[in-house]
Every structure is written in structure tokens, then in C-alpha cells.
K.L.:
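Below are the C-alpha cells for one structure; questions will follow.
Just so you know, these numbers use all the heavy atoms, side chains as well, and skip hydrogens, waters and symmetry mates. Convention: sequence-line order gives letters A, B, ...; per-chain numbering from 1. Treat the numbers as computed from the prediction; the structure is a model and nothing was measured.
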Protein chains: 2
Amino acid sequence: METITVQTSTNQYDVSIGKKLRFETANFIKKDYSSIFIITDSNVESLYLQDVLSSLKPNYTVNYTIVPAGESSKSIRVYFDIMTQAIQYGLDRHGLIIALGGGMVGDLSGFVSSTFMRGIDYIQIPTTILAHDSSVGGKVAINHPEGKNLIGSFHPPQAVIYDVETLHTIPLTEIRSGYAEIAKHSLIHTEPFWDQIKVVNLKTLLSDEDLMVHLLKGIEVKAAIVEKDERESNIRQHLNFGHTLGHALEAELGYGEITHGEGVGIGMLFAMRVSEFYYDIKLPYTELFTWLKKNDFPLDLPQLQIGKLINRMKKDKKARNKTVQMVLLKSVGQPAIELVDDNNLAMLLEKFLRELVEK
Amino acid sequence: METITVQTSTNQYDVSIGKKLRFETANFIKKDYSSIFIITDSNVESLYLQDVLSSLKPNYTVNYTIVPAGESSKSIRVYFDIMTQAIQYGLDRHGLIIALGGGMVGDLSGFVSSTFMRGIDYIQIPTTILAHDSSVGGKVAINHPEGKNLIGSFHPPQAVIYDVETLHTIPLTEIRSGYAEIAKHSLIHTEPFWDQIKVVNLKTLLSDEDLMVHLLKGIEVKAAIVEKDERESNIRQHLNFGHTLGHALEAELGYGEITHGEGVGIGMLFAMRVSEFYYDIKLPYTELFTWLKKNDFPLDLPQLQIGKLINRMKKDKKARNKTVQMVLLKSVGQPAIELVDDNNLAMLLEKFLRELVEK
């Protein structure tokens with residue numbers, strides 16, 4: 001088992017990565033909680049809920065709720081239903097919530113935890129690669145029909161328990177989605193980390209060892225950044241590399257049409273092109289493109305309206321006074337935040353989408 | 001104008017108390033916000049919204065929303081509607097929310113602020129005496145059908161602007177409600193402060209000077225406590241003196257049947273009786289009773305079921321493993337937290353309610 005300690009403004013917590021950790025959940029609980037409430041989804045329940053329960057039941061009062069799998073559960077309705085159940089089960093301010101599942105479950109459960117009786121402790125047990133990103137850093141949220149994660153807060157977990165075995169049950173499309181964030185972490189970090197990722201073939205079975213190395217490194221990059229800027233007033237924004245267009249594509253194509261990571265993959269390509277234009281430099285666009293292509297990222301986008309995409313980008317939480325803000329790269333490992341004016345954005349986006357179609 | 005600076009774990013803010021401050025709102029805004037969104041209610045709007053707008057409009061983009069007056073606006077539905085409006089008005093992470101109104105508006109707006117795009121700044125402009133309590137300390141929340149303030153968080157304001165002139169437009173029942181919290185602050189603080197409050201006759205017109213003195217002192221007591229224990233892990237619980245039975249009465253009689261402060265008034269009487277029993281002491285029960293009576297607090301309660309009230313007390317956020325926790329007084333100015341077992345609680349509550357009827 002490997003452990004990374006993340007320091008936050010109010011506490012510190014361990015991210016533990018290893019095999020079969022789900023069977024040892026109880027060992028990661030450090031306080032005497034009045035009861036435990038597990039939140040999981042309809043996919044994860046049948047795979048891992050019993051394993052976690054078997055670890056906890058000897059020592060705790062445990063209740064659970066199962067939400068429908070999929071992004072649509074990050075809604076105000078499901079959020080409120082969970083609150084009602086938690087109250088009815090007698091969960092109190094000295095209770096613990098456990099988020100067992102991918103990013104959706106983590107975000108939703110984290111937001112419930114941050115607002116249940118003004119905030120209680122929670123632990124993340126991520127079951128996807130993508131969740132290596134969302135489970136660290138304390139960002140929790142639900143969606144609003146007007147945009148993703150518009151309702152949320154900052155609420156760091158008490159622990160993250162990462163059982164790599166659970167990652168073998170996720171479909172290729174989810175592996176891709178998770179590795180896009182690992183690729184992002186590598187590109188904003190260093191050349192050598194990117195060199196490690198760009199040779200990964202996601203269509204072959206990844207070993208537990210490789211997974212652990214990549215996740216560890218990804219989490220280290222993220223943890224180092226959020227420790228310096230928990231509230232995203234400056235460098236934490238670097239983690240949004242690829243996300244400005246990524247989020248807009250997700251929303252414009254309709255959630256579920258492409259995964260978060262697939263959107264980020266294309267978004268990173270675009271951010272590279274914008275960077276090359278702004279800084280008059282050359283970035284490893286072709287390397288990234290080739291890696292995405294090799295791993296079957298969907299790069300053949302349907303016809304999209306530039307104006308609509310730009311409007312989506314402006315609705316992003318990062319927008320400032322309605323001008324789009326993007327994370328660019330001065331080189332691999334050197335991210336920077338820039339405001340991109342509408343004219344340049346439209347010109348570059350049109351060129352980029354044309355280029356993507358022609359390749 | 002008088003100013004109290006409150007230190008929190010993350011920032012500090014000034015509570016300013018004076019006359020006509022609402023016309024100077026703009027002077028209390030310290031940052032360059034992208035826009036301002038005012039939340040007020042249907043009562044306050046017609047009285048003071050224009051005054052505040054006139055101060056802000058020359059320098060800011062200002063939008064506002066008006067929620068129905070009354071506790072029922074602290075609902076998930078109104079909360080979500082406000083979120084939608086804020087997004088549609090283009091409020092972003094660099095915007096400011098202003099809560100213009102009493103405790104309901106402050107709690108609701110504060111919770112919106114704490115969760116809008118993971119938290120943005122807000123300023124409180126309280127317009128009731130009761131709000132001297134809720135506007136300081138950063139507790140924000142909405143209600144759940146199962147109980148008050150069950151959904152919420154800690155989110156300190158950037159400033160509290162208290163214009164005492166606005167306090168002359170509130171009805172006597174609201175003045176009573178506010179002074180019950182001032183009385184509470186005095187009883188957990190010192191004998192001399194209580195001596196000052198116990199002679200106040202709420203049925204005569206209170207001068208701006210008296211109001212300022214009492215509010216200042218009340219806020220000082222509260223601020224000193226929340227500075228030491230923002231998250232209510234220990235001494236902040238002292239502020240719940242009178243609230244265990246108070247909240248239960250509010251809920252059992254139906255919200256709106258008695259005001260918050262009226263419930264707290266009776267709750268403090270009960271907490272005194274419990275204290276006398278537990279510590280074998282004598283407290284100024286009769287002084288408090290006389291003061292409540294003189295000021296027309298409703299002390300003739302309808303027939304109530306002890307069991308139901310105790311169940312309500314157990315649902316309180318402060319309950320621990322389903323045993324009721326109460327704030328007692330060892331003497332005036334010496335609060336302490338105690339677990340009160342069900343049998344004693346039932347016995348004392350029955351005796352207390354009988355005593356109240358007989359007086």
C-alpha cells in the first residue's frame with residue numbers, strides 16, 4: 001500500500017492506494033462516529049457494497065442508500081432525497097458518510113456531507129480512475145440545469161481509500177476518461193511524467209502496478225497544487241487545463257454523449273493550439289493527438305456552432321466578467337492562465353475544429 | 001457608528017452599528033466585485049430596498065430577488081430558485097451577494113452564498129433585532145421538513161451593516177423575539193449585563209441609543225464565543241442556552257405559532273429549572289419569568305405531550321447518540337453543557353409545564 005498525505009487549510013488526510021483495501025475500510029476510520037451512512041450507486045452496489053459493509057458492520061451502525069448510476073444523480077432532487085434518508089436513519093453531526101463509487105458519487109456525497117447539519121466528516125472510496133482526480137482536493141458539487149457543478153462547496157474528506165482492484169471492472173470508455181486526467185496532470189507537471197503516459201496503451205490490460213504508479217503520480221501532482229491553493233484563487237486553476245472547451249463540448253453534445261475525459265482530451269488539444277498562437281511556440285500537439293487517436297478517443301466531432309460553444313465557455317465558473325479564461329502551456333510543465341478575447345477565440349476554435357475534421 | 005471586528009478561521013469582518021448606514025452601503029464594500037445580487041423579502045423590499053440600491057447603483061451592476069416573507073422561504077425550493085436567478089443574471093465567482101432583511105433572509109442568502117459556485121462573498125444588512133444573533137458567526141442554513149436548519153454550512157460574511165433605524169419598523173412580537181436572544185447573551189455572559197436587560201420594557205419605544213448599547217453588547221458576547229469556537233465543537237454550544245426546548249416548542253406548536261425568541265424565552269426558563277435540579281442551586285428564575293411576563297411573552301402554552309417534545313429535542317442537531325444535550329447554568333454567566341437522560345428530562349419537563357400553567 002502507498003500513502004500520500006494531503007494538507008488542507010483545516011486538516012490533513014491520507015490517500016491510500018493498494019489492493020483489496022475495500023475489505024479493510026474499518027481500519028481507515030480514525031474517530032468514534034455515532035453511525036455511518038454509505039452512499040453508492042446502482043452499478044457499484046452489486047460489485048463492492050457488501051465488501052465494505054463486511055468490514056464495517058462488526059463495529060458500527062451502518063445504513064446506506066443507492067442512487068441511480070450516471071451524472072443525472074448529481075441533481076438537487078437526489079441531493080434532497082439523500083438528506084431526508086440520512087435524517088430518517090438518525091445520522092447526526094457526529095456521524096460519518098462514506099462515498100463508494102466514481103466521481104459522481106464522490107461529488108454528490110461530498111456535497112451532502114458538507115451541508116448535512118452544517119457539515120460532517122466523509123471518506124471517499126473511489127472506484128474509477130477518473131475519481132483519482134475528483135476524490136482529492138475537496139471540491140464537491142451537484143449540477144444545475146444551467147451548468148455542471150454550479151452548486152457546491154469545498155469540503156475535504158477525512159481519508160481516500162483507493163482499491164486498485166476495483167478499477168478492473170470499469171469499461172474502456174471510463175478508463176479513457178480517467179487517463180485523460182492523468183495525461184493532464186502529466187502535461188502541467190513535467191516532460192518525464194508525460195513521457196511515461198504517452199506510451200500507455202489503454203486497450204491492453206493495465207497491471208495493478210502500472211495503475212498504482214500512474215495514479216500515485218497523478219494524485220501527487222494534484223495534491224501539491226491544492227495544498228498551495230485550496231480555494232482556487234490562482235494556481236489551482238492550472239488543473240483546468242483542457243477543461244474550458246472540454247466542459248463546453250460535454251454540455252453542447254449533451255452529457256453522456258462524450259465522457260468528461262474525452263472532452264478534456266479534445267480540450268487539451270485546443271488549449272495547445274491556443275498556446276502555440278499566444279506564445280508563438282511549438283508544443284507536442286501531434287504526440288497528444290496520436291495518443292488520443294491510438295486509444296480510440298472520439299475525435300470525429302459532429303458539426304458544432306462556434307458561437308454556441310463560446311457561449312458555453314463563458315458560462316464556465318472560471319469566466320471573469322464574461323471574458324473566457326483558459327489555462328495555456330508555455331511548455332510542457334509550465335501552465336499559465338490567460339484571458340482570451342472573443343475574436344481570437346472564435347478564429348482559433350474554427351481553425352482547430354476544421355483541423356480535427358481533416359486529420 | 002460603532003464597530004466590532006470579528007475574527008474567523010479564514011478572515012475577519014466588521015460589524016458596524018449606526019444610524020442611516022443603509023444609505024452608505026457602498027462604503028462598506030472593500031473589493032472590486034463583478035456584480036452584486038441582493039436577496040430581500042416582500043416586507044423589507046418596500047421599506048429599504050431602494051435606499052440600498054441608491055447607494056450601490058452608481059458604481060455596480062446590481063440585480064435583486066424578492067422572496068416571500070416568513071420562515072417558509074428557508075426551503076430547498078426557494079433556495080434553488082434563487083440559484084437559478086443568480087446564474088441567469090450572470091452572477092459569477094467574483095460577485096457579491098447582499099442579504100437585506102431579518103434572520104430568514106440572512107440564513108437563506110448565506111447558504112446560497114456558501115454554495116453558489118462553491119462559495120462567494122456576502123454581506124449582511126440585518127433589519128431585525130433577532131438578526132443581531134444570526135448575522136454574526138457564519139452559521140447559514142435552510143430548513144428541512146424534518147427540522148430547522150438541517151441543511152447548511154459555516155460561511156462568515158464579509159461585513160455586517162446594522163442600521164438601527166430599520167429596527168423601528170418591526171412589530172412588537174419581533175422586538176420580543178430579538179430581545180430574548182439579547183437576554184440569552186446576557187445570562188450566559190455576566191450578572192451586570194443581565195441586570196441591564198431585565199429592566200427593559202419592550203412595550204415602550206426603545207431609543208436608538210439603548211438599542212445600540214444592547215445590540216453591541218449582545219454581538220460582543222457572541223463574537224467572543226464564535227472567535228474561540230467557530231465550528232461549535234465546544235463553547236459555541238453555550239449559545240444554545242434555551243434553544244433545546246425552544247426549538248422543540250417552535251416545531252411542536254407549528255412554526256409561526258410562537259416566534260423563535262418566544263420559544264427561547266420559555267426554553268431559558270426550563271433550562272434554569274433543569275440547572276437548579278442538576279447543580280442543586282438557585283437561579284434568577286423569577287426575575288426572568290417576571291421579565292417575560294411583563295413583556296407579554298406568551299407563557300400560556302396549550303396542552304403539550306411530553307413524549308412528543310422529548311422526541312423533538314432528540315432530533316436536534318446537538319443531540320448525541322440520541323441523548324438530549326442541554327446548556328445549563330451553574331450561575332448567571334457560567335454556562336455548561338450536560339447530557340440529560342430521558343427519565344429526568346420527562347420528570348422535569350412535566351413539572352415545569354405544570355408550574356407554567358399554574359402561575
Side-chain angles (χ1 to χ4, degrees), chain A residues 9-10 32-35 61 75-77 79-88 90-95 110-120 138-142 144-155 230-233 237 314-323 325, chain B residues 9-10 32-35 61 75-77 79-88 90-95 110-120 138-142 144-155 230-233 237 314-323 325:
Chain A
S9 57
T10 49
D32 175 29
Y33 291 106
S34 56
S35 76
T61 306
S75 70
I76 192 91
R77 196 201 179 108
Y79 163 77
F80 190 71
D81 282 352
I82 295 175
M83 284 285 177
T84 306
Q85 288 179 63
I87 297 165
Q88 288 171 349
L91 189 70
D92 65 23
R93 294 204 295 181
H94 310 282
F111 187 55
V112 168
S113 310
S114 81
T115 54
F116 184 78
M117 298 190 179
R118 297 207 178 86
I120 68 171
K139 276 193 182 181
V140 296
I142 57 174
H144 187 282
E146 298 269 348
K148 280 185 77 171
N149 297 329
L150 292 183
I151 301 178
S153 56
F154 288 90
H155 190 59
E230 192 172 45
R231 293 274 164 165
E232 197 166 336
S233 19
Q237 296 180 43
K314 286 189 179 178
K315 273 202 192 154
D316 195 275
K317 285 194 298 303
K318 282 97 205 173
R320 240 200 122 98
N321 278 325
K322 291 163 193 158
T323 304
Q325 186 170 278
Chain B
S9 58
T10 49
D32 175 30
Y33 292 105
S34 56
S35 77
T61 306
S75 69
I76 192 91
R77 195 199 180 111
Y79 163 77
F80 190 72
D81 282 352
I82 295 176
M83 285 284 178
T84 307
Q85 288 179 62
I87 297 164
Q88 288 171 348
L91 188 70
D92 66 23
R93 293 204 296 182
H94 309 282
F111 187 55
V112 167
S113 309
S114 81
T115 53
F116 184 79
M117 298 190 180
R118 296 206 179 87
I120 68 171
K139 276 193 181 181
V140 295
I142 56 174
H144 187 282
E146 298 269 347
K148 280 185 77 171
N149 298 328
L150 292 182
I151 302 179
S153 55
F154 289 91
H155 190 59
E230 192 171 44
R231 292 275 164 165
E232 197 167 333
S233 18
Q237 296 180 42
K314 286 186 179 180
K315 272 200 192 154
D316 195 275
K317 286 196 296 304
K318 283 96 203 176
R320 240 199 123 98
N321 277 325
K322 290 163 194 157
T323 303
Q325 188 170 277

K.L.:
Would you call A:Glu232-B:Arg118 a salt bridge at under 4.0 Å N-O?
P.N.:
no
K.L.:
Please report the interatomic distance CZ(B:Arg93) to CZ(A:Arg231), rounded to the nearest 0.5 Å.
P.N.:
11.0 Å
K.L.:
So which of B:Phe116, B:Phe154, B:Phe80 has the biggest tally of heavy-atom pairs under 4.5 Å with chain A?
P.N.:
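Among B:Phe116, B:Phe154, B:Phe80, the one with the most close pairs to chain A is B:Phe80.
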K.L.:
Can you say whether A:Ile151 sits under 4.5 Å from chain B via the side chain, the backbone, both, or neither, judging by heavy atoms?
P.N.:
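A:Ile151 touches chain B through backbone and side-chain heavy atoms alike.
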K.L.:
Can you tell me which portion of A:Val140 sits under 4.5 Å from chain B's heavy atoms? Options are side chain, backbone, both or neither.
P.N.:
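Interface part for A:Val140: backbone (N, CA, C, O).
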K.L.:
Which value, rounded to the nearest 0.5 Å, describes the distance between B:Glu146 atom CD and A:Thr84 atom OG1?
P.N.:
7.0 Å
K.L.:
Less than 4.5 Å to any heavy atom of chain B: does that hold for the side chain of A:Thr61, its backbone, both, or neither?
P.N.:
neither
K.L.:
For A:Ser153 and B:Ser114, which heavy atoms make the closest approach, and how far apart are they?
P.N.:
CB-O, 4.0 Å
